[in-house]
Amino acid sequence: MLDIRKIRENPDFYREHLARRNSGDEKLIAQVLALDEKRRKLLQESEALKSERNRTSKEIGAIKAKGGDIAEVSARMKAVGEQITRLDQDLAGIETEQTDLLLRIPNANHDSVPVGKTAEDNRIERIIGKPAEFSFKPKPHWEIGAQLGLIDLEAATKISGSGFIVFKGQGARLERALISYLLDLHTGQHGYTEISPPFMVRGECMIGTTQFPKFIDQQYAVTEEPPLYLVPTAEVPVTNLHREEILPADKLPIRYAAYTPCFRREAGAAGVGTRGLTRVHQFDKVELVHIVKPEESYATLETLVGHAERVLKELGLHYRVVSLCTGDIGFGAAKCYDIEVWAPGVGAWLEVSSCSNFEDFQARRMNLRYKNSEGKNIFCHTLNGSGLALPRLFIALLETYQQADGHILLPEPLQPYLGGLKKL
RNA sequence: GGACAGGUGGCUGAGUGGUUUAAGGCACUCGACUCGAAAUCGAGCGUACCCUUUAAAGGUACCGUGGGUUCGACUCCCACCCUGUCCGCCA
């Protein structure tokens, strides 16, 4: 959520930044400012009347103590009270409207974010490794996986519909191995504290991390009373762990790593780019979350990307890091790097991680602050990135390490997690 | 799910309709005393918003949450939430 006072002070700055997102949201600035003006006018009227009532009520107390007559002044204050009630009702309506609008305005982007309209305009920061070479035509993962009995997409469709995966045998074991490997790497080498959160959360959490209100139709609701939602990413429960808190400065920075399944409705139609495991309603992911002081957040973003890249380097996978342009970047992010792994079987770059700095955009929504050295309460900056998303990592492993005889070689770091197994 | 108890500032703890402007204490900050410290003494010390703005001052709201009664609610009424303890159910 943007700071209404900053919008008030510098509306052009936000109009320009939002216009670069080409989502048309810059028009909301004028709307929110109009509401804000109305709101403050009503607030001032209401507060002036309350001030009068407070003063007069004390006088009434004094008059009564002396045995005086309060009928006339009391009646007058009753009228004032009714007027206050009316004003406050109007005010509450406008405040709700304003907050709702503010929750729908996306974040302004950092100056280093490339300006552009589509994914074509994203800036490629670096390409690491080389594409795997084959003496045969590499197969897509759904063929390899079916042949080796690692996955069964038809069974998944039968029990849950399209967009679900059944892992079987060594496939299921590989999935489990990857979760352990990723958590061990990040907690052991990168200093993260492991969190195992609930997979269902309240609506407030979804507001905090920007899924609500705008993207509510992409979420699964589980119960109606109380409303609970399946997490679309561990970002939601983990970042909200400290919602409504004022953290002591020495608790920062906070680094959490969490495995959860992720549930997404992904309204998009099936077709190219959605076959196999690339785009599913439920997938596993290890997520990295940082809560930091504002002055540290951009250095932290680079560190975070490095932690995610480390996985691909260790596993010997070919990947690139892309800086998302203003037209492609997510709603809440000020800056975002995507990490894309090369999948030789399908011949495409697949997004396996999205590392974002939200600055104080999420922190404002969840009222997450820390007390600085001067004793002031300052909104924290929050960041998160996948470390990594499992199905696409699974795809890259199958397609990159496939052999002419149909088997898959396992990269060395994974072998201990599969009981020393070297190939599938 | 049932019964009982409770929810007030960073902590503790008073407060049953009007000098509550939330007492007192602890902690913290500054000052005095001291070579220094402790003790003692003095002062300060919540959050958010509004107005003004170089600043200061001022206003409003906040005692679990939301309603209600009243000129006026920490205080009275209603509903709900949470915590603790016990009971029931349960992998």
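- Atoms CD (Gln89(A)) and C1' (rG67(B)) sit 12 Å apart, rounded to a whole Å.
- Gln211(A) contributes a side-chain N or O that, together with a main-chain N or O of Thr209(A), makes up a donor-acceptor pair within less than 3.5 Å.
- Expressed to the nearest 0.5 Å, how far CD of Glu245(A) lies from CZ of Arg369(A) amounts to 11.0 Å.
- Taking atom P on both rU75(B) and rU65(B), the two are 11 Å apart, rounded to the nearest angstrom.
- Put simply, CG on Asn377(A) is 17 Å from P on rC45(B), counting in whole angstrom units.
- Going from atom CZ of Arg365(A) over to atom CZ of Arg243(A) covers 11.0 Å, rounded to the nearest 0.5 Å.
- Protein atom CD1 of Ile84(A) is 14 Å distant from nucleotide atom P of rG68(B), rounded to whole Å.
- Rounded to the nearest Å, the gap between the P atom of rC77(B) and that of rU16(B) is 13 Å.
- The gap from the P atom of rG25(B) to that of rC41(B) amounts to 10 Å, rounded to the nearest Å.
- Regarding Leu49(A), its CG atom lies at a distance of 12 Å from the P atom of rA61(B), rounded to whole Å.
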Reading nucleotides 49-60 of chain B from 5' to 3' and marking B where a protein heavy atom lies under 4.0 Å of the base, S where only the sugar-phosphate is that close, and - otherwise, the string is SSS-------BB

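- Taking atom P in both rC80(B) and rC90(B), one finds a spacing of 27 Å when rounded to whole Å.
- When all heavy atoms of Arg255(A) and His307(A) are compared, the closest pair comes out as NH1-CE1, 3.9 Å.
- Of the charged side-chain nitrogens involved, none lies within less than 4.0 Å of a carboxylate oxygen, so that Lys293(A) and Glu295(A) do not count as a salt-bridged pair.
- OP1 or OP2 of rA48(B) lies within a sub-4.0 Å distance of a side-chain N or O belonging to Arg369(A).
- Taking atom CG of residue Asp88(A) and atom P of nucleotide rA61(B), one finds them 10 Å apart after rounding to whole Å.
- Here the separation of rG64(B) from rG9(B), taken at their P atoms, is 8 Å to the nearest Å.
- In this structure, CG in Leu301(A) is found 13.5 Å from CD in Glu296(A), a value given to the nearest 0.5 Å.
- Aromatic rings of Phe263(A) and Phe283(A) (six-membered ring for Trp) have centroids beyond the 6.0 Å cut-off, not under it.
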A correct 5'-to-3' footprint of nucleotides 75-83 of chain B, with B, S and - meaning base, sugar-phosphate only and no protein heavy atom under 4.0 Å, is ---------

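- The distance from atom SG of Cys380(A) to atom CE of Met366(A), rounded to the nearest 0.5 Å, is 10.0 Å.
- By the 30° and 60° cut-offs, the orientation of the rings of Phe13(A) relative to His17(A) is tilted.
- Straight-line distance from the CZ atom of Arg76(A) to the P atom of rU70(B): 19 Å, rounded to whole Å.
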List, with names and distances, any nitrogen or oxygen atoms from the protein found under 3.5 Å away from nitrogen or oxygen atoms belonging to nucleotides 17-19 of chain B.
unit_1  : atom_1 : unit_2   : atom_2 : d
rG18(B) : O6     : Lys64(A) : NZ     : 3.0
rG18(B) : N2     : Ser57(A) : O      : 2.6

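- rU70(B) and rC11(B) have their C1' atoms separated by 35 Å, given to the nearest Å.
- Straight-line distance from the NZ atom of Lys371(A) to the P atom of rC45(B): 14 Å, rounded to whole Å.
- Taking atom P in both rG46(B) and rU29(B), the straight-line distance is 15 Å, to the nearest Å.
- Using the Watson-Crick or G-U wobble rule with both distances under 3.5 Å, rU85(B) pairs with rA3(B).
- Across the P atoms, rG42(B) and rA27(B) are found 16 Å apart, a figure rounded to whole Å.
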